[in-house]
There are 4 protein chains.
Amino acid sequence: MGKPTVDRMLAGFKSFKAIYYEQRPERVKDLVDMGQKPEVLLIACSDSRVDPAILTNAEPGEMFVVRNVANLVPPYEPDENYHGTSAAIEFAVCDLKVRDIVVLGHECCGGISALVEHAETGKVPDRDFIGSWMSMARSCVEHGPDVEKVSRHSVRNSLNNLMTFPFVRERVEAGDLTLHGWWYGMKEGILWRFNSAKDTFEQGE
Amino acid sequence: MGKPTVDRMLAGFKSFKAIYYEQRPERVKDLVDMGQKPEVLLIACSDSRVDPAILTNAEPGEMFVVRNVANLVPPYEPDENYHGTSAAIEFAVCDLKVRDIVVLGHECCGGISALVEHAETGKVPDRDFIGSWMSMARSCVEHGPDVEKVSRHSVRNSLNNLMTFPFVRERVEAGDLTLHGWWYGMKEGILWRFNSAKDTFEQGE
Amino acid sequence: MGKPTVDRMLAGFKSFKAIYYEQRPERVKDLVDMGQKPEVLLIACSDSRVDPAILTNAEPGEMFVVRNVANLVPPYEPDENYHGTSAAIEFAVCDLKVRDIVVLGHECCGGISALVEHAETGKVPDRDFIGSWMSMARSCVEHGPDVEKVSRHSVRNSLNNLMTFPFVRERVEAGDLTLHGWWYGMKEGILWRFNSAKDTFEQGE
Amino acid sequence: MGKPTVDRMLAGFKSFKAIYYEQRPERVKDLVDMGQKPEVLLIACSDSRVDPAILTNAEPGEMFVVRNVANLVPPYEPDENYHGTSAAIEFAVCDLKVRDIVVLGHECCGGISALVEHAETGKVPDRDFIGSWMSMARSCVEHGPDVEKVSRHSVRNSLNNLMTFPFVRERVEAGDLTLHGWWYGMKEGILWRFNSAKDTFEQGE
């Protein structure tokens, strides 16, 4: 049913242009003229069902967003390799000076499922990258085999890894930056929030 | 003015839940019950002004999305390092079997500006990651110093890098996968599309 | 700030066309090809802050809507005069065969304020029409001088007047049509619903 | 498929409340605290497919809206009868001091169809109100039997009737109020605008 997605995206851009450039240009004008000033860095999964702007009804300019498989944050490793997620965290914290970082996990995550399924070898057959990528959450598998439990532990793990970045830790300790762990229960439509004091995820109001 | 962004996100989730779980559950039910089946992999920038769902008026389930600084695709390097973007490409192409990959660049990109500014050394002072990350687009600097020209060449460069992935090349050559290079002219609100036959970006209708 | 509203409306129509005719034509195609089949007749106020589609996040085709000052329903008077609201009720019930009629009142209604203010004479100075129009709710003034209390009684009054239409009464008594009285508490953002068994307005969940 | 419309409306109100009262209260706060100040009076059809806020992507507070069958404006008749549309025009012009009045007609209008079908007698069988109501556009039938042509003439007729209201004519002649005739071509998604100098409807840009 319907058109190819690429065509829907192009038609959707027309509506975006009509709204944000012709109808209510005041909503983006300063962002375009003066640059972005997001308050939040959001680290979310690439999963097509977990679009941050749809989930939070965001407007342009509100969130600097990293999306990778399983919304993972690697530990701080300042070497010569390509560290896409770390570069984005650095840019958001050091240049844009965001005040909050949200790690947003979710139910039914394909990356976490692959991690749990291939926990013993850490290799996904016939795949070059996904096994290594997911291995940074390997310690969470000990909370398995419940995929969703591992998934929530992976959010904790990412929050811990964030604190290994000196520029993150420093700002958190100074009270200038707050870390949040959220987990989207896709089946029921519930947003769970990590309460670090209680070491548990709680349902918001 | 207004509430902290984090609070706006939480209120926005309430509206998402009311709409997608209570008002029109048919719009997400199958996605939740049966899993995602996106047709498109979109590789976009983390910039808060370039949210793909807002730009294309997307619905949940339509696009598998990678977002990193400057929407870069690295070359194929199947080693033990963490390759977040490559893992996402692999998952989208080999597991989800998307039919299109869109690389979406944009005007006023902070990552590209950093690349051009520090072209000689390839290092960004006082930063651990951004210099290395942007270095994968280093060859584009020869088209400088116009940042926007470099930015469009970087989209070309990412399309070329995509073709170094064997599983991408194979499907493109078989006609099962199409690569698209788009560039969002933020100042005027124009979506430029790469015409590979003419090696140029053209304005859509 | 911003453009004249008329220009915003024209730009907004462009986005409507892009979305409903180009991006997701399946959402309106049947409505256009086969005609409307709304389940609900909504009788709402003309007040610019009480737009039914915005308040209920409606899609095209869901509600047949009458809007007049103070969302009034006159009693059944089948004479030769122009009865706009009665004609719409007749068309919705007899031709479209709606299953529900909602009368939607609201806080801060200018029409009700005028009614209360000029209760003694029933005439609004220097106005030709508003006094006569509001006079159909004159009996509600005995619940004054609290404008909001009168406003809620006016919803009751409209529900009673609906029952004077033979074609409404007949269907209600046959169980084919349900009448609803709602009242939008604009200050707090609460939708109150009339419980006829208790003769009171109750807050929904 | 899906829930009853009334339930969808209630769920939709939850999303409205989350967005406009919790997420972006600044968008309605002044409207609620200070009262409405719409620039535009829109006179539209009750047809469920012609919702003005959807068609123009409006925000609360932008348009004072009258909706009746076939978006008709009666001639000025200041008698004791209930004149709902006239009362709304009076309130919009004299109290709210709108700067524009838009009469919005549309293709596939059931009221106009009834008018054309029963042109000879001016009576609709088994109906008490619709025949009389539509009779105010009776003169347009001479442009028949093309329903759509009659429909566009009816917009002209409503514009003419608007000018019979002294308080409208006076402001139009003083340059304080502008009248617009629009016609929504539902099949193709085109908004036609009346050019009074040429006495014809033209397609906008």
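First the proteins, then the strands, lettered A, B, ... as listed; each starts at 1.
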Looking at [options], which one has more heavy-atom pairs under 4.5 Å with chain A than the rest?
options	answer
B:Ile190, B:Asn57, B:Ile54, B:Val28	B:Ile54
B:Val6, B:Ile130, B:Val32, B:Leu55	B:Leu55
B:Ser15, B:Gly189, B:Ser132, B:Gly35	B:Gly189
B:Phe129, B:Trp133, B:Phe16	B:Phe129
B:Gly12, B:Ser48, B:Ser135	B:Ser48

- Task: List in chain and number order the residues that pass salt bridge (Lys or Arg N to Asp or Glu O under 4.0 Å) with A:Arg152, two or more places apart in sequence or in another chain; answer none if no residue qualifies.
- Result: none
- Item | A:Asn157 to A:Ser139 - nearest heavy-atom pair and separation | OD1-OG, 3.8 Å
Below 4.5 Å from any heavy atom of chain A, which atoms of [X] appear? Answer side chain, backbone, both or neither.
X	answer
B:Asp47	both
B:Lys187	both
B:Ile19	neither

- Message: Looking at A:His106, is its backbone amide N or carbonyl O close enough to the side chain of A:Ser151 to form a donor-acceptor pair, meaning the two atoms are under 3.5 Å apart?
- Response: yes
Contacts of [range] with chain B (heavy atom under 4.5 Å):
range	answer
residues 158-183 of chain A	A:Phe165, A:Phe167, A:His180, A:Trp182
residues 61-95 of chain A	A:Gly61, A:Glu62, A:Met63, A:Phe64, A:Val65, A:Val66, A:Arg67, A:Val69, A:Pro74, A:Pro75, A:Tyr76, A:Glu77, A:Pro78, A:Asp79, A:Glu80, A:Asn81, A:Tyr82, A:His83, A:Gly84, A:Ser86, A:Ala87, A:Ala88, A:Glu90, A:Phe91, A:Cys94, A:Asp95
residues 108-126 of chain A	A:Gly110, A:Lys123

- Query: How about B:Asp100 and A:Thr5: do any of their side-chain heavy atoms sit closer than 4.5 Å?
  - Reply: no
- Item | Selection from A:Lys37, A:Glu39, A:Lys17, A:Arg127 maximising heavy-atom pairs under 4.5 Å formed with chain B | A:Arg127
- Query: Highest number of heavy-atom pairs under 4.5 Å with chain B: which of A:Glu107, A:Glu188, A:Arg99, A:Met186?
  - Reply: A:Met186
- Query: Within a radius of less than 6.0 Å around CZ of A:Arg24, do more than 12 heavy atoms belonging to other residues, nucleotides or ligands occur?
  - Reply: yes
